[in-house]
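Written out below as structure tokens is the structure these notes cover.
All figures in this text were calculated on a predicted structure; none of them were measured in a lab.
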Amino acid sequence: MLQTIKDWLWWERLWLPEKVSWADLQDKEDRTYAKASQLYAAVPCALCLLVVRYLFERYLATPLANALGIRDKVRLTAEENPTLEKYFYSQTRNPSQADVRSLCKKTGWPERRVEVWFRRRRNQDRPGLRKRFCEASWRCGFYLCAFLGGLLALYDKPWFYDLKEVWAEFPKQSMLPSQYWYYTLEMGFYLSLLLSLTFDVKRKDFKEQVIHHVATMTLLSFSWISNYIRIGTLVMAVHDSSDILLEGGKLFNYAKWEQTANVMFVIFTIVFMVTRLVIFPFWLIHCTWVYPLERFDPFFGYYFFNIMLMVLQILHVYWAFLITRMAYKFVFSKVCSKWFVCMCSVSRLNVCLLVLNLLCGMFSPSNWTAMFGAMKRRTTVIRKRI
């Protein structure tokens with residue numbers, strides 16, 4: 001039975017076009033092909049990256065956080081209460097009003113005291129600012145190194161400039177050492193993220209992150225076995241480009257460098273929209289849907305690979321919606337509180353000016369000088385109102 005499963009799993013028609021067999025992809029003197037067994041290297045690579053991450057966060061990110069004056073907020077601890085503690089872990093962290101009344105009867109506490117206890121207890125489990133800073137610094141550092149390494153591996157390749165070259169001589173394309181290391185590091189990194197999900201900061205899009213990591217690992221594994229390596233390296237480079245700006249913006253935000261964080265957010269939004277909503281679907285997915293049909297008939301791997309790319313694209317659209325909504329609220333939302341308006345008006349106006357300049361293409365020195373002059377004047381007026 002195991003042999004039958006193995007034969008079906010490695011059936012050539014699943015992975016390769018017609019008239020191509022595994023025998024055609026055996027190493028020769030002048031050619032080296034990717035092998036499924038090489039994917040196992042991602043496991044020790046992921047474990048090594050976890051060790052490197054620990055050392056990086058402890059000896060580089062933490063001292064940097066100290067230098068930038070990043071401190072965790074002092075939170076009030078919840079009173080000891082076994083009944084509420086058991087309910088907190090076994091039932092829910094956010095009890096309804098009916099549940100609060102029921103707990104009041106069990107503990108003899110008033111409703112207000114029970115609500116305060118749950119709020120403080122939730123705050124105790126929230127990750128501190130320093131932990132988020134260390135995580136973001138690790139991700140930013142890796143994405144930067146991976147993106148630069150990807151550019152070094154791609155800049156002199158013909159398929160980096162002409163996407164039709166991606167399918168030249170496919171699937172009999174020799175594997176390059178730079179492609180091997182690029183794939184191994186990327187797969188090891190995403191595997192390390194999956195392994196560290198339990199102790200990393202849990203974000204609102206936790207489920208989407210898990211889907212993204214699994215889809216990415218599946219895509220990378222399949223593209224490696226099917227020798228879709230050229231398009232795989234392009235997909236990784238496109239993704240890493242905007243992730244650098246996202247994590248870098250987080251770092252500046254945690255450090256309270258508001259103006260720099262605002263600029264990074266604007267640049268990240270533009271780069272994300274261009275790479276994930278333009279380049280990825282209209283260049284890379286078009287490259288995998290249309291160009292292969294000029295050379296061979298579609299097979300299972302062709303459909304599977306493109307479906308997985310579409311899963312990633314759906315996630316891109318979802319995240320683009322979240323980013324757009326956040327940008328809209330950040331720039332255009334109006335709050336009645338005078339204090340909040342005074343505190344946020346400067347950054348919102350500055351972001352508006354930056355967006356207008358970026359969208360209108362006004363990059364001349366005179367325009368930038370005028371823009372920053374307007375920022376300064378607006379800042380002075382608002383501070384006087386405060």
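Not one N or O on the side chain of Thr62 forms a donor-acceptor pair closer than 3.5 Å with the backbone of Tyr59. The closest donor-acceptor contact from the side chain of Ser226 to the backbone of Ser223 lies at 3.5 Å or more, if one exists at all. In this structure, Arg121 contributes its side chain and Glu85 its backbone to no donor-acceptor pair below 3.5 Å. Counting only distance, with no hydrogens or angles, the side chain of Trp319 and the backbone of Phe272 share no donor-acceptor pair below 3.5 Å. In this structure, Ser221 contributes its side chain and Thr218 its backbone to no donor-acceptor pair below 3.5 Å. Between the side chain of Tyr302 and the main chain of Trp289, a donor-acceptor pair closer than 3.5 Å is present. Using modelled atom types, one side-chain atom of Ser174 and one backbone atom of Thr32 make a donor-acceptor pair closer than 3.5 Å. Judged by distance alone, the side chain of Asp27 and the main-chain N or O of Tyr33 form a donor-acceptor pair under 3.5 Å.
Here the shortest heavy-atom pairing between Thr77 and Arg120 reads O-CD, 4.1 Å. Shown here for Phe133 and Ala61, the closest heavy-atom pair between the two residues is CE2-O, 3.6 Å. Taking all atoms of both residues into account, the shortest heavy-atom contact from Leu154 to Phe160 is O-CB, 3.2 Å. Residues Ala261 and Asn253 share a closest heavy-atom pair of CB-N, 3.8 Å. Of all heavy-atom pairs between Gly188 and Leu49, the closest is C-CD1, 3.6 Å. Arg130 approaches Ala65 most closely through the heavy-atom pair NH1-CB, 4.2 Å.
Note: Trp15 and Phe299 fail the aromatic proximity criterion, with ring centroids not under 6.0 Å apart.
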Side chain to side chain contact (heavy atoms under 4.5 Å, CB included), that's the test. Do Phe88 and Leu84 meet it? Break it down for me. CA-CA 6 Å; Phe88 183 84; Leu84 297 181; over 6 Å; no

Please step through side chain to side chain contact (heavy atoms under 4.5 Å, CB included) for the pair Leu312 and His239, ending with a clear verdict. CA-CA 10 Å; Leu312 283 182; His239 279 72; 4.2 Å; yes

Please lay out, stage by stage, how Ser178 and Leu152 fare under the test side chain to side chain contact (heavy atoms under 4.5 Å, CB included). CA-CA 9 Å; Ser178 59; Leu152 288 175; over 6 Å; no

Could you walk me through whether Leu16 and Asp24 pass the side chain to side chain contact (heavy atoms under 4.5 Å, CB included) test, one step at a time? CA-CA 10 Å; Leu16 303 172; Asp24 297 326; over 6 Å; no

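Grouping the Ile, Leu, Val, Met, Phe, Trp and Tyr side chains by contacts below 4.5 angstrom, directly or via other members, places Leu185 apart from Met175. Hydrophobic clustering of Ile, Leu, Val, Met, Phe, Trp and Tyr side chains at less than 4.5 Å, counting indirect connections, unites Val317 with Leu246. Note on Tyr291: it clusters hydrophobically with Ile231, by side-chain heavy-atom contacts below 4.5 Å among ILVMFWY residues. Residues Val51 and Leu195 do not share a hydrophobic cluster, defined by chaining ILVMFWY side chains whose heavy atoms lie under 4.5 Å apart. Connection of Val263 to Phe252 is established within a shared hydrophobic cluster, with ILVMFWY side chains joined at heavy-atom distances below 4.5 Å, either directly or through further cluster members.
In Arg31, the CZ atom is crowded: over 12 heavy atoms of neighbouring residues, nucleotides or ligands sit closer than 6.0 Å. The number of heavy atoms from other shown groups lying within 6.0 Å of OH (Tyr161) is above 12. Open room surrounds CH2 on Trp181; 12 or fewer heavy atoms of other groups in view lie less than 6.0 Å from it. For Glu294, the CD atom counts as densely surrounded, since its 6.0 Å shell holds more than 12 non-hydrogen atoms of other residues, nucleotides or ligands. Crowding of Glu18 atom CD: a count of heavy atoms from other residues, nucleotides or ligands under 6.0 Å not exceeding 12.
Using cut-offs of 30° and 60° for the angle between ring planes, the Tyr180 and Trp224 rings count as tilted. Note on ring orientation: taking the six-membered ring where Trp is involved, the planes of Tyr228 and Phe305 are tilted (angle from 30° to 60°). By the 30° and 60° cut-offs, the orientation of the rings of Phe189 relative to Phe142 is parallel.
Side-chain contact between Thr92 and Tyr87 is present, with at least one heavy-atom pair separated by less than 4.5 Å. Contact check for Leu39 versus Tyr183: no side-chain heavy atoms found under the 4.5 Å cut-off. Contact of the Lys164 side chain with the Arg295 side chain is not registered, since no non-hydrogen atoms from C-beta on lie closer than 4.5 Å. With contacts defined as side-chain heavy-atom distances shorter than 4.5 Å, the pair Phe56/Ser137 qualifies. Side-chain atoms of Leu309 and Phe280, non-hydrogen and from C-beta on, do get closer than 4.5 Å to each other. For the pair Trp167/Cys287, a side-chain contact is recorded, criterion being any heavy-atom separation below 4.5 Å from C-beta on. Between Leu234 and Trp283, the closest side-chain pair of non-hydrogen atoms is not below 4.5 Å. Annotation: side chain of Asp243 is not in contact with side chain of Arg139 (no heavy-atom distance under 4.5 Å).
In this structure, a donor-acceptor pair under 3.5 Å is absent between the side chains of Ser192 and Arg53. Side-chain atoms of Asp99 and Ser102 include no donor-acceptor pair closer than 3.5 Å.
Taking the centre and axis of the six-membered ring of Trp159, the NZ or CZ atom of Arg230 falls inside the cone set by 45° and 6.0 Å.
A salt bridge links Lys131 with Glu135; the closest basic N to acidic carboxylate O contact falls under 4.0 Å. The pair Glu247-Lys250 counts as a salt bridge, with a side-chain nitrogen and a carboxylate oxygen less than 4.0 angstrom apart.
Met217 CE to Met187 CE: the interatomic distance, rounded to the nearest 0.5 Å, is 4.0 Å. Taking CD from Gln313 and CG from Leu284, the interatomic distance works out to 10.0 Å, rounded to the nearest 0.5 Å. In this structure, CD on Gln26 lies 8.5 Å from OG on Ser21, to the nearest 0.5 angstrom.
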